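Numbers restart at 1 for each chain; the letters A, B, ... are given by sequence-line order, proteins then strands. Keep in mind that what you see is a predicted model, and the values were worked out from it rather than measured.
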Amino acid sequence: MPASISRCAPSSRESISDARGRAVANRSGSRLRYRLSTVFCSARLPARLLSACGVRSLRALTVRGYRQTFTITMTPVVTSMSRPAEGVLGPPTMGRLVTDHPSHPLMPRREVDPRQELPALELEVLERWRERDVFAESLRMRDGADQWVFYEGPPTANGPPGTHHVLSRVFKDIYPRFQTMRGYRVERKGGWDCHGLPVEIAVEQQLGISSKAEIEQRIGIEAFNAACRESVFAYVQEWNRLTERIGFWLDLEHAYRTLDEPYIESVWWALAEIAGRGLLYEGNKVVPYCPRCETTLSSHEVALGYEDVVDPSVYLKLQVAVGEERLLVWTTTPWTLPGNVAVAVSPTADYARVQVGDEVFLLAEERVEPVLGDSAQILERFSGAELVERYQSYRGPIFAARDRDPGELPILSDDFVTTEDGTGIVHLAPAFGEDDYRVAAASPDVPFDPTVAGSLYNPVRPDGTYDGRVLGREGRSYEGRFVKDPALTEELIADLRERGLVLRVQEYEHSYPHCWRCGTPLLYYAKPSWYIATSRLRDELLDANETVNWYPPHVKHGRFGDWLKNNVDWALSRERYWGTPLPVWRCPQGHVHVVGSFAELAERSGAVLEDHHRPYVDDVGFPCPDVEQATGEPCGEQMQRVPEVIDVWFDSGSMPFAQHHYPFEHTETFEQRFPADFICEAQDQTRGWFYSLLAIATLLSWRAPYRNVVCLGLILDEEGQKMSKSKGNAVEPWQVLDTYGADALRWYFFTSKQPWDGYRFSADAIGEGVRLFLKQLWSTYYFYVLYANASAQQLTAPTTAQATPAGTTPDGGSPDEERGGPADDLDRWALSRTAATADLVSERLDAYDATSAGRAIAGLVDELSNWYVRRSRRRFWDGDRAAFQTLRTCLVTVAELLAPFCPFVADEIYDNLDGSLASVHLCDFPQGAALAPRDEELERAMALARETVRLGLGARGQAKIKVRQPLSEAVVVADGRERVGIERLADVVREELNVRRVRFVAAAEELGSYEVKPNYRTLGPIFGKEMPLAADAVAALDPGRVAAAVRDGGALGIAVAGRDHTLSADDVILTMRAPDGYSVEREGAHAVALDLAIDADLRDEGRAREMVHAIQGARKTAGLQVEDRIELALDGAAPLLDAATQHRDYIARETLAVAVHLGVDAVREAAATDYTEQTEVDGLALNISLRPARQDPR
RNA sequence: GGGCGAUUAGCUCAGUCGGUUAGAGCGCUUCUCUGAUAAGGAAGAGGUCCCAGGUUCGAGUCCUGGAUCGCCCA
C-alpha cells in the first residue's frame, strides 16, 4: 500500500517532496523521510536524483495532472526500526480503534475522549515512544546529516531533582527537538557531575561525622570515597525517571560521568597541557578558615555561622615617610596588623589634611567629623589618588619582626576601599584578606608575587597562633599565642599605644562568621593553593566571548563580560578527598611534574591503577625527571603527589573533550562535536559552568566552546520568595506532573514569560495554560475526529467529481488553490494563517525565543477553534471534504509545530490524524511556503470581517436582540479596499450576525459623521516644532471634504507658518463621530448598523430556531448520539405550531428527525415516545416528545 | 559597597522606530450563544505605565538621579 502520494515540481530537482511540500529525500540523502525502494512516478524524474535518493526502481510513468506536477507513490522500506506496516498498528493507546470504515487519510484511527486526562495520555505516548524506539529513530533518521551540537551541563545526582531542574531540562529539550525536525542530527549525551564538596558533605552527614580529621582517622579515605561513589548516584533513578517523564530526550544510557577513569584521564591531559604552557602555579588563596578544625569552609558553611559580636576596633596613626602627617587607619582585627604590608585609600573619594591640637592627620573628608569631632580643622582637601601621589609611603612595619627591617611601606589605592565607616584608609595584610591579597598582588611596590611560593608574609600558623617572627614589647615574643585571644588583643593594643600609634580604641559591634561546627571565630587566612593563570588570557577570553550569542543579550557584556574583565586566576585545588586528583607530583627539591596520562604514570612509577582516585593514587611515586641546570644530571629524588583534588568546575568544564576520552580516543567524534551550537543553564552558571567551559577551551587555545547560550532565570514561589527546601515552599515536580502533566508544565515554562526573567511559579497559571491552550486544541481535535467518524461514509466513498472538488487529491492532500467561493475563502484563510504561523514559529525558535513562538501557536489554535471551526460547523456536518482536508492539514501542522513544545499531545494528534511516520518527532518542521500559498489580502479581509462581526454583535447586544432572532439587514460602513475585502466575505458576516442581507454604504454620513485628526507619525517629522499648529489646521478642515478627497484621491492643502503642505491620505485619520441612540457600533472608520424591524416572517424563523435549540437540548438530555435519527412530536401554543409548520423541513433537518408530528393529536398518537419535555419558547408553552427512529435511513 | 536585571489593571504578562484614546488573558459584574459545552461571544468596572527631573512638537518607550524587589559578587 502506498505510504504517501507526493508531488513535486520537475524544476526542483534537488528534492522529492511529499504532499505538504516537505522534502522527503534529496541528493545528499541527508534529509530522508523514507528509504525508497519503489517509486510509482507519473513523469520522468531525473534518474540521478532518484538514485541519489535511494530509489531502487521506477514502476509507472504516465503524465497526470496539470502544470507539469506529477505524482510519486513511494513504498517505504520496512526496517526493524520503522513503524509497523500499514494496518498493523500497535495496540490502541487511547480510545477505541475505528474499524467500521475503510482506512482513509481523512479518517482518524481512534476515537477521542473529549475529557481526556493529559497525564494519563502522556504515559501512553511514552509507552508508544518506547515501543517504536522513536528517540533513537530520530537520530538514525539523520544519519549523515549535519550535526547540531548540544552539550548537557551535568547535574549532581546526589539529591532529588527539583522544579528548577525541570525548567532547564525542558529548555534543553525544545531546541534540540526543533533542530532535529529542521534536518540536523542532534546527539544528546547525558552527563553526571560526580565529585565535589556537596557529595562529601552528604556523606559526612550520613556517617555522622563533621571534620577532616574524622574522615582521615576514623573512616579512612578509601572507605569515605567509596561511600561518596555510592552516594553520588543515590537519586540517579529518580533523575532518569523525571527526565523521561517530562519528555526530555537525552541519551541516559551512554551518559558521561566525571568519576569514570577515561574522563579523569582526559582532565589530567588538559591540566598537563595547561601546565606545559606555564599557566599552572602554586600560590595562596585567602579563605574562611577554622583554626580549631584546621579546615577551610565553603561559602554556604560560612553563611551558617554569622553572629553579632563586639570586638575592639583600633584607630591607628601611622607616620608618613616624608612629612609630619599621620595616616588614620581603622581596623577591627588588630591581630592582622603584624601581617601589614601596605595601606590603601579609595582613588575617587575626597581626603583631607586636618589639624587637631598639634597633630596633623590624613583621612577621608567624610570621616573627619565622626572620627575627630568638631575640634578638627581642615587644612586641605584632595582626592585619594592625589594622596597616594603626594605621600606614597609610610613608616613600617607596624609590628617589628625578626625578618623585617624597619622601612617604608607603600600607600596604594583601590576601589574596594569605602568611606562608610572607619577613616577611609585601610591596612592591608594579604595573608588575611581577599581584597588585601588581590591589591597587594597587583602592586609592584609590595614585595609579594603570588606566583612565587613563599613570598607572602604570613606570621600565623595553621593552628591560629603566631610563629616566632613577630616581636613584642621589650623583645617579648607572641609566639604560640592564639590570635583571637582577647588577652592577646589587649597586649597588642597596649604595645601599639606605648609606641604612640593609637588614636583611639572603640568597641565595635558587627556580624562576624564563626565555625558552624565548633563556634570558633573564623579567620580569613591564606592557604597554599594551585592556580591557573587565567588572568593572563583575559583578552583571549574576551575575544572568545565576542563570538557567543547570549540569550538574553545583556549577559554577554553585562554579568558575564564583567566577570571576564575582572578575571582573577583560577584557584584550582581543594584540600578534600572526593574529586579528580590533582596530577601534580613534587620531589623534596621542590621540582614539580604534571602527569598527563595514566600510561605516563604507569611508565614512570611501574604502578598500574584500576582507580586513580584518592587514596590509591596518593601512594604512587616515581623518580624526579627534572634535570638540574647546573650539573645536567637528573634530580632523581622520589616524587610524591600533592594531596589536593581539583575544583569540580574543572571537571564539568572539561566535558566537551573528556566525555569522549579525547585525545586518547574518538578524536574525530570530538572534533565534529566541538563547539556546541547550544547550551542552556540557569543564570547562576555564569561563574560556574559557562565560565569553566570557556576558560578551559581558551587555555587549550581552542575556539569558544559554545555558540549560543540560553541563560535561565530563577524560580520563585507565588509570593516571589526563592524556593528552598528549608523554607518548605519548594514545589515538588511530580505533584505538578501528576496533576497537570508534562506538556502543561512545559507550556507554562515556554510561554508564560521570557525564561530569563525568572518565574513566579504558580499552579493556577499552569492550569490556565491547560484550559486556554491545551484543552482548546484538544477540543478542536476532538471536533474533527467526532465529525470525521460521523461522516465516514461520505469521506471514504469512492471519489466522484461531485464529492471531490476539482484538483484535490483523493487521499486528502492539500486542497487545491483553484476552487472559489466563500467556504473556500475560509479554507484558504485557515491555511494561509497556518503557513504564516509556521514561518513565524521557525524564525522565533531559530532565535531561541520559545516564548513568542509558543504564543504564535496559541494564537493560531485560537483562530482555528474560534473562527474556522465556528464558521465551518455546517460544512463538517455535511461531510464537506474540503473542510475536513483543511482542518486536518491545519491540525497536523499544528501538531508538528507544537512537537518541540508539547511533545506528548502533539504526537497523539499527529499519530491519530496522519501517522504516516512513527511519530511527529520524525517529521520535518513545517515550512509555510510548502504548506499553502500566503494570501495576505485575504488575511486582512478576514480580520476586517471579524471586526465587523464584533461590531454587529455589539449592536445586537445594545438592542437586546438575541442572535437567534434573524434580522433583515445589517448596514456596514466600509470603503475602498476594505469594502472589497469585507464584501468578499459578506456571507460569513451575514451568517454570523444572523441577518438576511448585508448592505454596504460608502459614506459614514448615513450613520453618523466623521471626525478628522492629524497623523502625527507622518506629519510630526515634517512640521517639527510647528506640529501643534499643523494639528490645529487639520482639525479645522471640513471632515466631509477631507473624506471625499481621501476617497476620490483629491488634494487638500494646509498652510502652517507660511508653509503650504499638501495632505496625502496617510496624513489624516478619519474617525466616526458617535450619533445618538441608534443601534450602531463603530470603531475607527468602520461601523455596523442593524435594522431592528422584525416582521412575522422573521419572527417565525426566530421561533423555529428557538424550537430547534430546545429540541437539541431534549435530544441531549435523552442521551442520544450526535448522529441518531429521531421521530419528533411537538405540541403547544398556536403561534409556535404555526412557525413549526412554516419551517417543518428546517426543523427536521436540524434535529435529524425523520418525521415531525405537530399538534395534540400527533403527540397522543406518538404515545410510545421515549422522552417528553415541557418547556417555553418566546414565553409560549412547548411540548417536545421524541424517540429514536426505527430505521436509520443511512 | 559594586555589577546586572526588573517595576505597566486585583493577578500573570504584551507593548515594534518615541506618535496622540496604553492592550491581552485570568478574576469580578451584566448580558449572550451553543450538539466542541467544565468551552465560546459581547459589554462594563478596573491604570499616577515606581518616583523626580531632563531631551522632544510629542515619552510607558530615550537620558540623568532616586526608590523598591530579585540575582550575582564583595
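- The distance between atom NE2 of A:His557 and atom C1' of B:G3, rounded to the nearest whole Å, is 15 Å.
- A distance of about 14 Å separates the C1' atoms of B:G46 and B:G23, rounded to the whole Å.
- Across all strands shown, B:G1 forms a Watson-Crick or G-U wobble pair with B:C73, both key distances being under 3.5 Å.
- Taking atom C1' in both B:U64 and B:C26, one finds a spacing of 38 Å when rounded to whole Å.
- Straight-line distance from the NZ atom of A:Lys775 to the P atom of B:G40: 13 Å, rounded to whole Å.
- With B:A14, B:C4, B:A36 as the candidates, the nucleotide lying closest to the side chain of A:His554 is B:C4.
- Among the heavy atoms of the strands, none lies under 4.0 Å from A:Gly758.
- Across all strands, A:Asn566 comes closer than 4.0 Å to no nucleic acid atom at all (heavy-atom distances).
- Atom name C1', nucleotides B:C28 and B:U68: the rounded distance is 29 Å, in whole Å.
- Nucleotides B:C71 and B:U29 place their P atoms 37 Å apart, quoted to the nearest Å.
- Side-chain contact of A:Asp849 with A:Ser852: a donor-acceptor pair under 3.5 Å is present, judged by distance alone.
- The A:Asn866 side chain lies nearest to B:G41 when the options are B:G41, B:G35, B:A74.
- Closest non-hydrogen pair, A:Phe749 versus A:Tyr759, comes out as O-OH, 2.6 Å.
- Scored by the ring-ring contact (aromatic ring centres under 6.0 Å, His included) test, A:Tyr740 finds no partners at all (sequence neighbours excluded).
- Of all nucleotides listed (B:U12, B:C4, B:G40), B:U12 comes nearest to the side chain of A:Arg760.
- Residue contacts for A:Val869: at a heavy-atom cut-off of 4.0 Å it reaches a base atom on one of the strands shown.
- In this view, A:Tyr551 and A:Tyr848 satisfy the ring-ring contact (aromatic ring centres under 6.0 Å, His included) rule, not counting sequence neighbours.
- The 5' end of RNA chain B is approached more closely, in terms of each residue's nearest nucleotide, by A:Trp756 than by the other of A:Trp756 and A:Ile1111.
- On the P atoms, B:G58 is 35 Å away from B:C69, given to the nearest whole Å.
- Nearest nucleotide to the side chain of A:Gln1112, out of B:A14, B:A36, B:G35: B:G35.
- Across all strands shown, B:A59 forms no Watson-Crick or G-U wobble pair with both key distances under 3.5 Å.
- Counting non-hydrogen atoms under 4.0 angstrom, A:Arg873 reaches a base of the nucleic acid.
- Per the geometry, CG belonging to A:Leu712 stands 21 Å off P belonging to B:C4, to the nearest Å.
- Base pairing annotation: B:A39 forms no Watson-Crick or G-U wobble pair, as no partner gives both donor-acceptor distances under 3.5 Å.
- The distance between atom CG of A:Asp562 and atom P of B:G2, rounded to the nearest whole Å, is 14 Å.
- With rounding to whole Å, A:Trp867 atom CH2 is found 22 Å from B:A39 atom P.
- Taking atom P in both B:U56 and B:A9, the straight-line distance is 30 Å, to the nearest Å.
- Atom OH in A:Tyr784 sits roughly 22 Å away from atom P in B:G35 (whole-Å rounding).
- Between the side chains of A:Asn567 and A:Ser535, no donor-acceptor pair of N or O atoms lies under 3.5 Å.
- Listed candidates were B:A14, B:A36, B:A74. Nearest to the side chain of A:Ser865 is B:A36.
- Distances from the side chain of A:Ser779 to the nucleotides B:A36, B:G3, B:G5 place B:A36 closest.
- Base pairing annotation: B:U16 forms no Watson-Crick or G-U wobble pair, as no partner gives both donor-acceptor distances under 3.5 Å.
- Counting any heavy atom pair closer than 4.0 Å across all strands shown, A:Thr686 reaches no nucleic acid atom.
- Using modelled atom types and a 3.5 Å distance limit, the side chains of A:Asn994 and A:Gln965 yield no donor-acceptor pair.
- The interatomic distance linking A:Ile1126 (CD1) with B:G35 (P) rounds to 13 Å, in whole Å.
- The side chain of A:Lys753 lies closest to B:C13 when the candidates are B:A36, B:G5, B:C13.
- The listed nucleotides are B:C71, B:C4, B:G19; the one nearest the side chain of A:Met1027 is B:G19.
- Nearest approach of A:Lys775 to A:Gln116, heavy atoms of both residues: NZ-O, 3.1 Å.
- Here B:A38 presents its P atom at 17 Å from CH2 of A:Trp778, a figure rounded to the nearest Å.
- Between A:Arg687 and A:Gln776, the residue anchored closer to the 5' end of RNA chain B is A:Gln776, taking for each the nucleotide with the nearest heavy atom.
- By the 30° and 60° cut-offs, the orientation of the rings of A:Tyr289 relative to A:Tyr525 is parallel.
- Residue A:Phe783 has its side chain nearest to B:A36 when only B:C4, B:A36, B:A14 are considered.
- Look at B:U64: its Watson-Crick or wobble partner, with both distances under 3.5 angstrom, is B:A52.
- Base pairing annotation: B:U21 forms no Watson-Crick or G-U wobble pair, as no partner gives both donor-acceptor distances under 3.5 Å.
- Here, B:G66 and B:A74 have their C1' atoms 23 Å apart, quoted to the whole Å.
- For the P atoms, the distance from B:C63 to B:U16 is 14 Å, rounded to whole Å.
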